[in-house]
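These notes concern the structure reproduced below.
Note that this is a predicted model, so its numbers are computed, not measured.
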2 protein chains.
Amino acid sequence: MDNRDTILEQALTLFSERGYDAVGVQEICDAAGITKPTLYHYFGSKHGLLEAVLERSFSVLKSRLSAAADYKGDMPLTLQTIAETYFSFAGEFPVFYRLQLALWFAPKESEGFKAVVLHNRFQYEMIEKVFLNAVPQHGNMRGRHQAYALTFLGTLNTYIGLGLNGFATLDADLARQAVRQFQYGIYS
Amino acid sequence: MDNRDTILEQALTLFSERGYDAVGVQEICDAAGITKPTLYHYFGSKHGLLEAVLERSFSVLKSRLSAAADYKGDMPLTLQTIAETYFSFAGEFPVFYRLQLALWFAPKESEGFKAVVLHNRFQYEMIEKVFLNAVPQHGNMRGRHQAYALTFLGTLNTYIGLGLNGFATLDADLARQAVRQFQYGIYS
DNA sequence: CAAACAGTATACCGAACGGTATACTGTGCG
DNA sequence: CGCACAGTATACCGTTCGGTATACTGTTTG
């Protein structure tokens, strides 16, 4: 692992644990065992470093999500596949997922929020497309696909929060539970 | 409105818009039209200011929630009352609600997260109690009251997020929709 | 070999950070 | 009146902030 990767790794950990604004560039350099000119050589600025950190992991999530969100006529199955994709990704990269959740809810004018907004739009559109394509089969969804996409993502993130905080295990079983609750409610 | 209130007001706005760490004490003083010794006279530290900001609004939410979460044998009604309480509170104090949402998802080791963790525990316990009391009527809930409390809160916050971002109006109707989705899923 | 270049360190920049020592003001009260 | 005290401002503290000018490596390449 070269210096560039080490910096990315340490920055991700520190941002995730304490927040982008609360972590200084010097601290990242110390953790990575390099000096500031090295960091600035690779990333240009603290903001550029954040974007590189996000890009590295989001690209993985995006490609997996693209594969999972390919609706082929079976809504429950597609939702289940998406849920499993998210859960296994969050379980595999919990430190990153924590960071992206925090940035998603960060203040609108914060640097962090602005850095994730495009990545999150991608996710949203991916999922919206599923509901949109399902309209012919599920007529009652017409006109609600935006709300469904957002609340489905919200439900997944709620469950992932449970997992990341040790209240549950992020496996296919939990994914089934989340999807069932989303589709049929709590009495099922 | 005296200086103390002005400081609280301006700090809330700035923290909510740009985040606790990204806002400097000097900036709050400028916005409030006072100087640093005045701020430190009232709040002792930046952290103390944050706690005062949170306390002021959380105390309102807590007392309303205490009244709403009084389970009297009718689960759907109680959930509906709680949802309406949250929605009207978030609609009334959107700036504060944004801040508390951001802090709830903030990194575990950040000052902001630590400042809200007790307030959030209170909310969680209030809602858990409802599900716990409902177990005799709804046997299938036994052992799931923790998960239900957390996912119910998660569903509410997902919908409140929709409202705060202009995708919906935070009224009793949206509360009904959120509660219905939580109880019966999306096909209802 | 020599030039070019990516990568790295030393040492530094001005600005902003959170916080405070000191002193002055106004008001309430014995 | 005269004392106490809350409230406020001026001016400053040491530290850390994000970022950089300069120079030195080692490797690649014409």
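- For the pair A/S110 (side chain) and A/P107 (backbone), a donor-acceptor distance under 3.5 Å is present.
- Contacts classified as salt bridge (charged side-chain N to carboxylate O under 4.0 Å, His left out) and involving residues 21-47 of chain A (residues at least two apart or in different chains) are given here: A/R18-A/E27.
- Using a 4.0 Å cut-off on heavy atoms, the residues of residues 42-52 of chain A that approach DNA chain D are A/S45, A/K46, listed by number.
- Between A/N157 and A/L101 there is a side-chain heavy-atom pair separated by less than 4.5 Å.
- In this structure a side-chain-to-backbone donor-acceptor pair under 3.5 Å is present from B/D171 to B/D173.
- Side chain of A/S45 to backbone of A/G48: a donor-acceptor contact under 3.5 angstrom is found.
- The two residues A/L156 and A/A178 have their closest heavy-atom pair at CD2-CB, 4.5 Å.
- In summary, contact between chain A and DNA chain D, defined as any nucleotide atom under 4.0 Å from a heavy atom of the protein, begins and ends at D/dC17 to D/dA21 in the 5' to 3' direction.
- Of all heavy-atom pairs between A/P94 and A/L164, the closest is CB-CD2, 3.7 Å.
- Between A/E27 and A/P37, the one whose closest nucleotide on DNA chain D sits nearer the 5' end is A/E27.
- The stretch residues 7-16 of chain B participates, sequence neighbours left out, in these side chain to side chain donor-acceptor pair (under 3.5 Å) pairs: B/E9-B/R56.
- Within the 4.5 Å cutoff, the side chain of B/K108 has no heavy atoms near those of the B/V117 side chain.
- For the contact set between residues 5-22 of chain B and DNA chain C, defined by any heavy atom under 4.0 Å, there are no members.
- Pairs engaging residues 117-128 of chain B under the side chain to side chain donor-acceptor pair (under 3.5 Å) rule: B/K62-B/H119, B/Y86-B/Q123, B/N120-B/Q123, B/Y124-B/E128 [sequence neighbours left out].
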